[in-house]
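Note sheet for the following structure.
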Amino acid sequence: MIDQILNSNTLPLLEKMAAFAERRQEVLAGNIANIDTPGYKMRDLPVADFQQALQEAVQLQEGLGQPAARSSLSMPATLGEQRATETELQSLFPRSLFQARETSPQNLTFNDENNRSIEAQVMHMTKNSLMQQFAVETMMAQMNQLLTVISERA
């Protein structure tokens, strides 16, 4: 899937990845901030659901080999196609993907009913940070390529 992202014009998908990572970082930081709060339950975004939506968007972009659908997420030719593309993206990435949910305890629940795990939260934050860094750096590379083409430099 990484090859598909790197070899196509995926700015809308990279934007969704960066936004998801930013929102998840906020949720994970909130978990760490409340690590000692009695009764606090760890929260997270639905990562598996987001990855599934991302995979579906990449498949939609690929057009599954159909030339007519090939441009669906890359560079729309008309304003109508652009609006249709935005609608398709919104349907694949609903707001519910960006809303935190309580996670099931992966360790013991403490006497204060908190299901904390600082190690797990830091690990999730590190992985999430790498995902966001990947998305932002790939967007920057694509923008630099566009800038080079626009300024007619080689």
Side-chain angles (χ1 to χ4, degrees), residues 1-64 69 71-76 82-150:
M1 188 168 89
I2 298 277
D3 293 337
Q4 294 169 336
I5 290 174
L6 293 175
N7 293 330
S8 60
N9 182 9
T10 57
L11 288 176
L13 299 180
L14 292 168
E15 178 186 355
K16 294 291 183 188
M17 281 179 68
F20 181 84
E22 178 184 1
R23 176 68 182 119
R24 186 167 186 231
Q25 204 74 356
E26 292 171 359
V27 171
L28 295 173
N31 287 343
I32 290 175
N34 287 297
I35 202 82
D36 289 329
T37 302
Y40 182 80
K41 302 294 183 200
M42 297 291 149
R43 302 176 325 146
D44 201 353
L45 299 184
V47 178
D49 294 346
F50 179 80
Q51 289 174 345
Q52 178 64 34
L54 189 62
Q55 185 175 6
E56 289 174 14
V58 168
Q59 288 174 350
L60 180 64
Q61 182 179 16
E62 290 292 317
L64 301 174
S71 67
S72 65
L73 286 178
S74 55
M75 295 294 275
Q82 185 174 5
R83 287 187 181 140
T85 298
E86 291 172 5
T87 303
E88 290 175 32
L89 271 178
Q90 290 297 14
S91 67
L92 287 174
F93 297 99
R95 289 185 186 265
S96 62
L97 287 179
F98 296 86
Q99 294 175 347
R101 302 174 186 169
E102 186 178 305
T103 60
S104 59
Q106 297 177 355
N107 57 353
L108 297 175
T109 301
F110 293 87
N111 288 336
D112 62 1
E113 297 181 17
N114 189 323
N115 62 348
R116 62 183 165 258
S117 172
I118 189 76
E119 296 86 4
Q121 295 305 304
V122 170
M123 180 187 67
H124 291 314
M125 286 186 82
T126 303
K127 287 181 181 180
N128 190 61
S129 177
L130 290 172
M131 183 177 82
Q132 185 176 31
Q133 183 179 357
F134 167 78
V136 170
E137 286 181 7
T138 306
M139 280 192 295
M140 286 176 45
Q142 287 187 7
M143 289 296 175
N144 286 336
Q145 287 175 351
L146 288 173
L147 185 60
T148 300
V149 169
I150 290 170

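- Distance check: Leu14 CG to Thr138 OG1 gives 5.5 Å after rounding to the nearest 0.5 Å.
- For Glu15, the CD atom counts as loosely surrounded, since its 6.0 Å shell holds 12 or fewer non-hydrogen atoms of other residues, nucleotides or ligands.
- A side-chain N or O of Gln52 and one of Glu56 form a donor-acceptor pair less than 3.5 Å apart.
- We find the CE-CD distance between Met17 and Gln51 to be 9.0 Å, quoted to the nearest 0.5 Å.
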Show your reasoning for whether side chain to side chain contact (heavy atoms under 4.5 Å, CB included) applies to Asn31 and Arg43. CA-CA 7 Å; Asn31 287 343; Arg43 302 176 325 146; 4.0 Å; yes
Show me the donor-acceptor pairs, under 3.5 Å and distance only, between side chains in residues 18-27 and residues at least two apart or in other chains.
from  : atom 1 : to     : atom 2 : distance (Å)
Arg23 : NE     : Phe98  : O      : 3.1
Arg23 : NH1    : Glu26  : OE1    : 3.4
Arg24 : NE     : Asp44  : OD1    : 2.7
Arg24 : NH2    : Asp44  : OD2    : 2.9
Gln25 : OE1    : Asn128 : ND2    : 2.6

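- For Met123, the side-chain contact (heavy atoms from CB on, under 4.5 Å) partners two or more places apart in sequence, or in a different chain, are Lys127.
- The CD atom of Gln55 sits 12.5 Å away from atom CZ of Phe50, with the distance rounded to the nearest 0.5 Å.
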Using the side chain to side chain contact (heavy atoms under 4.5 Å, CB included) rule, take Leu11 and Lys16 through it: C-alpha gap first, then chi angles, then the decisive distance, then the call. CA-CA 9 Å; Leu11 288 176; Lys16 294 291 183 188; over 6 Å; no
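- Checking side-chain atoms of Ser129 against main-chain N and O of Met125 turns up no donor-acceptor pair under 3.5 Å.
- Applying the side-chain contact (heavy atoms from CB on, under 4.5 Å) test to Glu137 and every residue at least two apart in sequence or in another chain returns Gln133.
- Note that NE2 of His124 and CD1 of Ile32 are 10.0 Å apart. Values are rounded to the nearest 0.5 Å.
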Gln121 vs Met42, test: side chain to side chain contact (heavy atoms under 4.5 Å, CB included). Steps then yes/no. CA-CA 9 Å; Gln121 295 305 304; Met42 297 291 149; 4.0 Å; yes
What do the steps show when you test Leu28 against Val122 for side chain to side chain contact (heavy atoms under 4.5 Å, CB included), and what is the final call? CA-CA 8 Å; Leu28 295 173; Val122 170; over 6 Å; no
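- With values rounded to the nearest 0.5 angstrom, Leu13 atom CG is found 9.0 Å from Leu60 atom CG.
- Closest approach of Pro46 to Leu97, counting heavy atoms only: CD-O, 3.5 Å.
- We find the CE-CD1 distance between Met143 and Ile150 to be 9.0 Å, quoted to the nearest 0.5 Å.
- In this structure the side chain of Phe93 reaches within 4.5 angstrom of the side chain of Leu54, judged on heavy atoms.
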